[in-house]
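Everything on this sheet refers to the single structure shown next.
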Amino acid sequence: MAIELTINGQAVSLDVEPDMPLLWAIRDLAGLTGTKFGCGKALCGACNVHLDGQVMRSCAIPVSAAAGRKVTTIEGLAADGNHPVQVAWRELNVAQCGYCQSGQIMSAVALLERNPNPSDDDIDAAMSGNICRCGTYTRIRQAIHKAAEDRS
Amino acid sequence: MNELRHISRREFLKRTGQAGGGLVLALTFTSGCGRPGPEPASKGAASVAPNVYVNVRNDGIVEIICHRSEMGQGIRTCLPQIIADEMDADWDRIELIQALGDAKYGDQNTDGSTSIRNQFDLLRIAGATAREMLIAAAAAEWGVPAAECSAREHAVHHEGSGKSAGFGDLVDAAAGLKAPTEAPFKSRDDYRYIGRSMDTIDGFAFTTGQAIYGIDTVLPDMLYASIERCPASGGTVVSFDDTEARAVSGVVDVIKLPDPTSPVLFNVLGGVAVLATNTWAAQKGREALQIQWDRGANGAHESQAYRKALEKSATSSGKAALTRGDVDAAFQAADRVHEAVYYAPYLSQAPMEPPAAVARITEDGGCEAWACTQNPQAAQDTLGATLGIDKEKVKVHVTLLGGAFGRKSKPDFIAEAAWLAKQAGRPVKVTWTREDDIRHGYFHSVSAQFLKAGFDADGNATGLLHRSCFPSIMSTFDPTASGPGGFELDLGLLDNPYDIANLQIETADAKAHLRMGWLRSVCNVFHAFALCGFVDELAHVAGQDPRDHLLKLLGKPRQVDPADDGAKYTNYGHPLEKHPIDTGRIAAVVEKVSDMAGWGRALPDGHGLGIAVHRSFLSIVGSVAEVSVDTNGKLVVHDIWMVIDAGTVINPDRVTSQMEGAAIFGMSIALHGEITAKDGAVVQGNFDTYPVVRMSEAPDAIHVHIMESTAVPGGVGEPGVPPVAPAIVNAYFAATGKRIRELPLRNAGLT
Ligand code: FES
Ligand code: FES
C-alpha cells in the first residue's frame, strides 16, 4: 500500500507493506543509506532518526506509524552538513569506523534540543541507547559539550 | 580541511561528468570505491602513475590509492599521510581512491595490525619514487641536473634558475619516464604529515550519512537476501518447505546454499536463502521457512561440559613449547608454590555493521562484488573457488567497514552473495542480521590456562609454568587441528618477558566445535588476561606492591629471545633485531602508566588501582584501571590510563583513538563478553544477550600517552586490548581483596 510521509522536508509516497520497519523503508525504498542497521531490536541506536522532532529507533516502528509525519535522517540534519553537532564531531575526530555515528549524532541533536547544556550524567542517560563498538564514548561526551558551547 | 576536500572532489566530479547519477555518485564519490587503479600513462596523458599507489593528474591532483581497508583504525588517513609526505604533496590536493582487490598492490589483508608496521617502508618508497620521477621530469624539461632540483609544496623547484613547476604541469614530461624503484627517504625533521594528527579524511562523510559501507551498496535490479543457517556449526539442511516463505509479499525466490565444506575455510556455510525486493521481505520470508536440520558432528557441543574438559586438559599435562631451566626442580625446591586456573569464554567480534555484501555476475561470466572486507584478495580467491572461475575474473570493491575486529577477514558472506547472484541471475545483497553475526561467525577461542609459580624465601619467583589449552583457529583450515599451534603460541605465550630462572610453557589439546577465527589481538586477549592476572597474584603472595613487583619481574633491561629456550617463535613475522622483546621498553611503559595514574596515591574508599602490561603486534601497551564496586555490587570503572610504545607513529590522534577504543573493547571483554553453546548452537543472539559496553559504563576518562620513539613502527589497532581486562581484574582485587580468574565479570555477579 502507499504510505505518504515527509522525509527530510520532501513529501514521499512509498509503496510498502505497512508493517515494514521505518528503517528498511528509509534505506531500501527511499534510498537513504545514512540511517544504519545494527541490531533490528531497538538495542543499539544505529537506526535513530527524528520523527516529528523526537528521536526514535527506526527499526522498531512500522512505517505506517510514520504516515503523515515528518522524518529527519542524518542526511537531512543540515543541508550543508554543518549542524553544530556535526561540526563538533569533526573537530574532535570522534568517528572511528563511523558506522554508529549517524545514530549517535541524531541522539545528540535531540538531547541538545531538550537540554542545551547537559552534564556528563545527562549525556550518559541520553546516549546509552547508542552502542559504539569502536569505543568512541569519551569523545562523544566531549563533542556534545563542545557543540553545546558553540551553540550558546 | 574536510570542507576543502569536499569541494574539490565535487568539482572533480563535475569536470569528469560523473556528478548527478545518484548510484554512481554513491559508489565512486563518497567511499572512492569502484574506481580502477591507474592505467600506465602514455605521452600526452591526463595523468601519470609512477607506481600502483600514486597517480598524478594534469589538473594538479595527486591521486593516492589506498589498498588497505578502513575499519575505524584510520588507515585511509594515515596511508596518504605517508605517501603525500614523501612526495611533498599538498594535503588539500590529494584524492584518495580505494583500491580494488589486486595482487599488484602486495598484501591487502588488513589484519594483524600490519598496515603501518609492515608497509611503512613500502609506502614511503611509493611516495619517494613518485617525487623523484617528477623531479627527473622537471630537470629534463629545464636541462638542469636532477640533483639541483627539489620537491616542495606540490611543485618541483630549481634553486639556481628560480624555476618551478607544479606537479600537475609535469605530467606530460613525466609520462615518458620510467619511475625509479628506489629513492632516498626524507629525514624525520622534514616530515610535514608523518607524526601529525591530521583530521580523519572521511570525517565529513562519517558525520553526514554519506559514508558507504558494505551494507549500503545498491545495484539496479538487485535482490535482497536473508539466510537461515543451521544452528549447529557444520550442520546441513535435510529438507525444507518454502511455501509460506514464498507467499510473503516481496519474496522472489528461495534458494538452498551448498553445504558447508570440511575444512570450513571461508566458504559458504549452507542454509536456505530467501531473496526478495527488500530486506524486510527477505527477513519475513526467512522466518516463514520450515527447515529440517541435521546438526552434524558438533550438534552436542555444550559449554559447561566443554569448559570442564578444557580445565581438565589444562591441569593434567601438556606439550612443552618452551623450556628454560627445570620448573619441576624449582617447584620442589621452592619455599612455597602458588597455582591458578584461568578461564575465558568464546567471543564474537560483533562489529556494528554486520557482514554484508553485494555481488553480480558480469556479462563475461566473471563476478563483481562490493563488500566490507578486510581482505579483498582472499575474497577473490574464495569467490573464484565458489563460482568455479579464475580469481582474475573476480573484481572486489572494498567499501568502508563498519568495524571489523577480524570478522571481516573472512569473505564467507561475500561468497554467499556471489553464489546467490549466480543462481538468481540478478545482483544480490546479503545482509546478516545481528543474530546471524553473533551465532554464525568465526569465534574467538574459549580457553583454560593453568599457571604455577614457585618462590624462594624472599618472595622471588624461581619458576613459572604456563599451560594454555584452547581450540585452534587452525581448525578452520584443517579439521584435524587438535589444539593450540603455530602462530597462536606467539601471541602472548612464548614471548613471556619475565626474568624467571625456570620457565616452562606448554599447550594442551582441545577440539574445535565452532568455526574459529581471530578477534582483535587474538590469543593475546586470554594469554594476557591469565599472565597479567597471575603476575599480580604473585605480587600479593609475595606481599609486594604490584607495580614494583612487575618491574622486578621484568628484571634488568635486556632482549628476550624465546629461541634461546628452544621455542619456535616468529615475532609477528619480523626479526627480533628489528623488533626486540625489550624488557627495558616494557618497564618504561610500566613506569610511565603508573606515574600517570598516580600509583600509590591515597584512593577514595572502596577504590582500587590495577596494572597490566603486554607486548603484542610489536608494540607495548600498559594499562592502569581505577575501579570501585557500588552498593548494588556493580563494578564501576572510573578511569583508564593507557600508554603505548609503538615506535614511530604516523598520526598520534588516530593512535590515541585506537587506545581509547581498545580500552572500551577490553572493558566489554572484561565485563560482558561471553558466547556459549548448547546443543551445538550459540545461545546468545543480540546485544541484549551479548552486551557490550555502553556510554553509561564508559570511564570518566581514558588517559592516553604515546611514548616518544624513533624505533621502527609497531602495530596499533590491536595491542591496546590485551592489558585492559587484567588491569580491571587486578584493580578489583586491590579494591576488594577478591581474585577473579574467569571472564566475564558479570558471571561473578559484578554487573
Ligand atoms: S538497528 Fe535499531 S536500535 Fe539497533
Ligand atoms: S565509530 Fe565504529 S561503531 Fe562507533
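Per chain, numbering begins at 1; letters A, B, ... match sequence-line order. Model, not experiment: these values are computed from the prediction.
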[options]: which one forms the most heavy-atom pairs within less than 4.5 Å of chain B?
options: A/C132, A/G34, A/G98; value: A/G98
options: A/A25, A/G76, A/A95, A/A78; value: A/A95
options: A/H83, A/Q142, A/M127; value: A/M127
options: A/L23, A/I74, A/D28; value: A/D28

Where [X] and [Y] come nearest, the two heavy atoms and their spacing:
X: B/F204; Y: A/D80; value: CZ-O, 3.4 Å
X: B/V692; Y: A/R133; value: CG1-NH1, 3.4 Å
X: A/N93; Y: B/R654; value: O-NH2, 3.0 Å
X: B/R694; Y: A/L43; value: NH2-O, 2.6 Å
X: A/C39; Y: B/F687; value: CB-CD1, 4.0 Å
X: A/E17; Y: B/S249; value: OE2-OG, 3.0 Å

Part of [X] within contact of chain B (heavy atom distance under 4.5 Å):
X: A/D121; result: neither
X: A/Q86; result: both
X: A/L77; result: neither

Need one label for [X]: side chain, backbone, both or neither, based on atoms under 4.5 Å from any heavy atom in chain A.
X: B/L401; result: backbone
X: B/S197; result: neither
X: B/Q349; result: backbone
X: B/Q73; result: neither
X: B/T77; result: neither
X: B/P691; result: neither
X: B/D700; result: backbone

Determine yes or no for a side-chain-to-main-chain donor-acceptor pair under 3.5 angstrom, with A/R90 supplying the side chain and B/D199 the backbone.
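No, A/R90 side chain to B/D199 backbone: no donor-acceptor pair under 3.5 Å.
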Got a donor-acceptor contact below 3.5 angstrom from the A/Y99 side chain to the B/P351 backbone?
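No, A/Y99 side chain to B/P351 backbone: no donor-acceptor pair under 3.5 Å.
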Report the option among [options] that has the most heavy-atom pairs separated by less than 4.5 Å from atoms of chain A.
options: B/D688, B/I702, B/I215; answer: B/I215
options: B/A350, B/A662, B/G685; answer: B/A350
options: B/A356, B/G402, B/G250; answer: B/G402

When rounded to the nearest 0.5 angstrom, what is the spacing between [atom1] in [X] and [atom2] in [Y]?
X: A/C44; Y: B/M352; atom1: SG; atom2: CE; result: 4.0 Å
X: B/N278; Y: A/L29; atom1: CG; atom2: CG; result: 6.0 Å
X: A/I131; Y: B/M695; atom1: CD1; atom2: CE; result: 12.0 Å
X: A/C59; Y: B/R434; atom1: SG; atom2: CZ; result: 11.5 Å
X: B/D202; Y: A/Q101; atom1: CG; atom2: CD; result: 13.0 Å

Quick check: do [X] and [Y] have side-chain heavy atoms less than 4.5 Å from each other?
X: A/C100; Y: B/F206; value: no
X: B/M71; Y: A/C97; value: no
X: B/D216; Y: A/F37; value: no
X: B/T279; Y: A/W24; value: yes
X: B/K284; Y: A/D19; value: yes
X: B/W280; Y: A/V16; value: no

When you check the side-chain N and O atoms of A/T138 and B/E660, is any donor under 3.5 Å from an acceptor?
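No pair is found: no donor N or O on one side chain lies under 3.5 Å from an acceptor on the other.
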Is the number of heavy atoms from other residues, nucleotides or ligands within 6.0 Å of CD (A/Q54) greater than 12?
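For A/Q54, atom CD is not crowded (no more than 12 foreign heavy atoms under 6.0 Å).
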Candidate pair A/K41 and B/T433, rule side-chain contact (heavy atoms from CB on, under 4.5 Å), full reasoning:
CA-CA 10 Å; A/K41 297 278 164 66; B/T433 64; over 6 Å; no
